[in-house]
Amino acid sequence: MIKKTKFNLLFFLLFFSSSLIANSINTTIIKSDYKNVRSNILDSIEEKALNIANVYHASEMLNRTKGIFSFGRNIYKNAEIIEFCSAKISHEMARANHLNILLCPFKIAIYTLNSNPENTYVVYSVPNPIDENSKKSMAKVTALIRSIVESAAW
């Protein structure tokens, strides 16, 4: 029973701290084709020698499962979440505070809406540092993600 209580407490702390960490969502709207924006983001990530951990095809999952939940229409024409990592920044984050592992991998969402397919949205969250030691590495994460998004907007 004690182990389960410790696990529940740990889960609660991680869940609660995660809501405190990523509190700012930033959106860039680009008047460009989804495929071009996606390609520019992937190119920028690869040019920085970063590892793309996963590409989550959000629109496919939502479109496929909408009938299960009685949702009648597709919101997204295209929607993907690109997860990537910088080993150097991840090490800095972990050395600053071991709880920062929750922020890896970094994520950028790219999508177009069915109601407005001419605009491509690029969305990412800016993590708040959980302590004084984490401020420097969080600033690096923010700068890295912003540079990738800016390269997609040209």
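- I101 and I130 are assigned to two separate hydrophobic clusters, defined by single-linkage of ILVMFWY side chains at heavy-atom distances under 4.5 Å.
- The side-chain hydrogen bond (donor to acceptor under 3.5 Å, both in side chains) check on K135 picks up E132, with sequence neighbours excluded.
- Heavy atoms only, all atoms of each residue included: N100 and S134 are closest at ND2-OG, 2.9 Å.
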For this session: Dump the intermediate steps for side chain to side chain contact (heavy atoms under 4.5 Å, CB included) on V55 and F84, then the final yes or no.
Result: CA-CA 9 Å; V55 177; F84 60 97; over 6 Å; no
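- With a 4.5 Å cut-off on side-chain heavy atoms, V126 and R146 count as touching.
- Note: M93 CE to H98 NE2 = 13.0 Å, rounded to the nearest 0.5 Å.
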Contacts table for residues 105-112: side-chain donor-acceptor under 3.5 angstrom, sequence neighbours left out:
residue : atom : partner : partner atom : Å
K107    : NZ   : P105    : O            : 3.3
T112    : OG1  : N78     : N            : 3.3

Distance-only criterion, 3.5 Å: show the donor-acceptor pairs between side-chain atoms of residues 35-53 and protein atoms not counting sequence neighbours.
residue : atom : partner : partner atom : Å
R38     : NE   : E80     : OE1          : 2.3
N40     : ND2  : N36     : O            : 3.4
S44     : OG   : S151    : OG           : 3.0

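- Contact record, T142 with P127: OG1-CD, 4.0 Å, taken as the closest heavy-atom pair.
- For the pair E92 and K140, the salt-bridge criterion is met [side-chain N within less than 4.0 Å of a carboxylate O].
- The distance from the CG atom of N74 to the CD atom of E60 is 11.5 Å, given to the nearest 0.5 Å.
- Heavy atoms from other residues, nucleotides or ligands lying under 6.0 Å from NE2 of H91 number 12 at most.
- The nearest pair of heavy atoms linking Y76 to N114 is O-ND2, 3.5 Å.
- Of the inter-residue distances, the one linking K77 atom NZ with Y34 atom OH reads 11.5 Å to the nearest 0.5 angstrom.
- For the pair D33 and T120, the tightest heavy-atom approach, listed with the atom from each and the gap, is C-OG1, 3.7 Å.
- Atom CG of L113 and atom OG of S59 lie 11.0 Å apart (nearest 0.5 Å).
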For this session: Give the intermediate values and the outcome of side chain to side chain contact (heavy atoms under 4.5 Å, CB included) for residues L144 and S86.
Result: CA-CA 9 Å; L144 174 64; S86 163; 4.1 Å; yes
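- Between the side chains of N97 and N133, no donor N or O sits under 3.5 Å from an acceptor N or O.
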